[in-house]
**Q** 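The structure under discussion is supplied below as structure tokens; questions concerning it will follow.
Only a predicted model underlies this, so the values are computations on that prediction, with no experimental measurement involved. Positions are given from 1, in the same order as the sequence printed here.
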Amino acid sequence: MDIYKLLRSLPLLKNYGKDIDLWIHDFEEVMDLWDIQNPKRRFVFMKECVDYALKEVLKSIEENCKNKTYPSIQIIKEEIEKYLGITQNDKIWELKELKIKTNESILIFNINYIRKYKNIDEEMRKLITIEDYINSIKPRIYPCLKVLEQECENIEEAIKIAEKASRIEEKLNFKIDFNNYKQNYKNNYINYHNNNINKKNNKLMCFRCYELGHKAFNCKYSFKELSIMEEK
């Protein structure tokens, strides 16, 4: 085992903000990749992922464990969140603010969404509504419409409907991007407006130069130029 390569591959908690659940998920993936299953060794490497203050928190958790067993992932997560002041409200608002990225598939987005949803206490999950989920995938018009059409009763059902709609979208190759849709609508409106102005202007006559397309106060010719033109 190349210990230096392993240390370089460890996910550092400081890069994850308040998403402790994702950090633990990535940490366990690295441990599985290197086939490190021993709880003691895992705990040692976990200490390498955090700063000095959190090392002390982990050390305290270890000392308080009964029967000299190593703390579970759930206990570690709860204690770190407690130390960092991460509350259920923080998790709820983070999920409400989560938005699908451009070109991100509904399936991949939903994996992250479900993970964050399940990281919220069961009693508090009722604060996450179907409307919140729809708002999270708003740029994807067709899945949003299907979720609304089905009148889903819970988040899990809405997620299944959105994924089904996304598969139909990909199969029929008619993905609608909300941002492009807005831009196209804006461009069409501008073109329509400009065309109407041009049509209207073609009916106008300038009483200075008697040319079509503008009014006298917009005439490009000065009185001096008009005088010269009349002499010619």
**Q** Decide side chain to side chain contact (heavy atoms under 4.5 Å, CB included) for Met46 and Ile73; before the verdict, give the C-alpha distance in whole Å, the side-chain angles of both, and the deciding distance to 0.1 Å.
**A** CA-CA 11 Å; Met46 181 173 278; Ile73 289 296; 4.0 Å; yes

**Q** Does any non-hydrogen side-chain atom of Glu79 lie less than 4.5 Å from one of Leu58?
**A**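 Not touching, per the 4.5 Å side-chain cut-off.
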
**Q** Who are the side-chain contact (heavy atoms from CB on, under 4.5 Å) partners of Arg115, not counting sequence neighbours?
**A**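 With sequence neighbours excluded, Arg115 shows a side-chain contact (heavy atoms from CB on, under 4.5 Å) to Asp19, Asp21, Leu22, Asn112, given in chain and number order.
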
**Q** I'd like to check the salt bridge (Lys or Arg N to Asp or Glu O under 4.0 Å) partners of Glu122; sequence neighbours left out, ordered by chain and number.
**A**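 Expected list: none.
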
**Q** If you group Ile, Leu, Val, Met, Phe, Trp and Tyr whenever their side-chain heavy atoms sit less than 4.5 Å apart, what else falls in with Val44?
**A**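 Members alongside Val44: none; it stands by itself.
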
**Q** Would you give the length of the straight line joining atom CG of Leu54 to atom CD1 of Ile61, rounded to the nearest 0.5 angstrom?
**A**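 Atom-to-atom, Leu54:CG and Ile61:CD1 are 9.0 Å apart.
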
**Q** In Å and rounded to the nearest 0.5 Å, what is the CG to CZ distance from Leu10 to Arg8?
**A**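 Rounded to the nearest 0.5 Å, the CG-CZ separation comes to 11.0 Å.
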
**Q** Enumerate the residue pairs fulfilling salt bridge (charged side-chain N to carboxylate O under 4.0 Å, His left out) with a member in residues 147-158, sequence neighbours excluded, ordered by first and then second residue.
**A**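 Every salt bridge (charged side-chain N to carboxylate O under 4.0 Å, His left out) pair that includes a residue of residues 147-158, provided the two are not neighbours, is Lys146-Glu149.
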
**Q** Tell me, please, which residues at least two apart from Lys59 pass side-chain contact (heavy atoms from CB on, under 4.5 Å).
**A**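 Applying side-chain contact (heavy atoms from CB on, under 4.5 Å) to Lys59 gives Glu56, Glu63.
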
**Q** Output every pair passing salt bridge (charged side-chain N to carboxylate O under 4.0 Å, His left out) with a member in residues 43-55, not counting sequence neighbours, ordered by first then second residue.
**A**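 Counting only pairs at least two positions apart or across chains, the salt bridge (charged side-chain N to carboxylate O under 4.0 Å, His left out) contacts touching residues 43-55 are Lys47-Glu62.
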
**Q** In a table with atom names and distances, give each donor-acceptor pair under 3.5 Å that connects a side chain of residues 26-37 to protein atoms at least two apart or in another chain.
**A**
from: Asp26; atom 1: OD2; to: Tyr16; atom 2: OH; distance (Å): 2.7
from: Asp32; atom 1: OD1; to: Arg42; atom 2: NH2; distance (Å): 2.6
from: Gln37; atom 1: OE1; to: Arg42; atom 2: NH2; distance (Å): 3.3

**Q** Closest heavy-atom contact between Ala162 and Pro143?
**A**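 Distance-wise, the nearest heavy atoms are O-CB, 4.0 Å.
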
**Q** Do side-chain atoms of Asn64 reach the backbone of Ser60 as a donor and acceptor pair under 3.5 angstrom?
**A**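 Side chain of Asn64 to backbone of Ser60, a donor-acceptor pair under 3.5 Å: yes, one is there.
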
**Q** Identify, with sequence neighbours excluded, every residue that meets salt bridge (Lys or Arg N to Asp or Glu O under 4.0 Å) alongside Lys126.
**A**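 Lys126 satisfies salt bridge (Lys or Arg N to Asp or Glu O under 4.0 Å) with Glu123 only.
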
**Q** Applying salt bridge (Lys or Arg N to Asp or Glu O under 4.0 Å), run through Lys116 and Glu94 and close with a yes or a no.
**A** CA-CA 9 Å; Lys116 289 179 178 291; Glu94 183 184 8; 2.9 Å; yes

**Q** Do Glu81 and Lys91 meet the salt-bridge criterion of a basic N to acidic O distance under 4.0 Å?
**A**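 Judged by the 4.0 Å cut-off on N to carboxylate O distance, Lys91 and Glu81 do form a salt bridge.
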
**Q** What is the distance from atom CD1 of Ile20 to atom CD1 of Ile86, rounded to the nearest 0.5 Å?
**A**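 Output value for this atom pair is 4.0 Å.
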
**Q** Give a yes or no on this: more than 12 heavy atoms of other residues, nucleotides or ligands lie within 6.0 Å of atom NZ of Lys96.
**A**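 For Lys96, atom NZ is crowded (more than 12 foreign heavy atoms under 6.0 Å).
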
**Q** Going by the rule ring-ring contact (aromatic ring centres under 6.0 Å, His included), which residues pair with Tyr83 if we only count those two or more places apart in sequence or in a different chain?
**A**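 Applying ring-ring contact (aromatic ring centres under 6.0 Å, His included) to Tyr83 gives none.
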
**Q** Quick one: pull up CD in Gln88 and CZ in Arg125 and give me the separation to the nearest 0.5 Å.
**A**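 So the CD of Gln88 and the CZ of Arg125 are separated by 9.5 Å.
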
**Q** Let's go through Glu169 and Arg140 carefully: what are the C-alpha distance in whole Å and the side-chain angles of both, what is the deciding distance for salt bridge (Lys or Arg N to Asp or Glu O under 4.0 Å) to 0.1 Å, and is it a yes or a no?
**A** CA-CA 10 Å; Glu169 219 179 22; Arg140 301 291 293 279; 2.6 Å; yes

**Q** With clusters built from Ile, Leu, Val, Met, Phe, Trp and Tyr whose side-chain heavy atoms come within less than 4.5 Å, directly or transitively, what are the remaining members of the cluster of Trp93, listed by chain and number?
**A**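 Hydrophobic cluster check, Trp93: no partners found.
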
**Q** Look only at the side chain of Trp23 and the backbone of Leu12, and say whether a donor-acceptor pair between them is shorter than 3.5 Å.
**A**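 No; zero donor-acceptor contacts below 3.5 Å.
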
**Q** Nearest 0.5 Å, please: how far is CD in Glu170 from OG in Ser105?
**A**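 Taking OG in Ser105 and CD in Glu170, the distance rounds to 7.0 Å.
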
**Q** Remaining members of Ile100's ILVMFWY cluster at a side-chain heavy-atom cut-off under 4.5 Å?
**A**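 Ile92, Leu95, Leu98, Ile106, Phe109, Tyr113, Ile114, Tyr117, Ile120, Met124, Leu127, Ile128, Ile130, Tyr133, Ile134, Ile137, Val147, Leu148, Ile155, Ile159, Ile161, all in the cluster of Ile100.
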
**Q** Excluding sequence neighbours, so at least two apart, what forms side chain to side chain donor-acceptor pair (under 3.5 Å) with Lys99?
**A**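 Residues passing side chain to side chain donor-acceptor pair (under 3.5 Å) with Lys99: none at all.
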
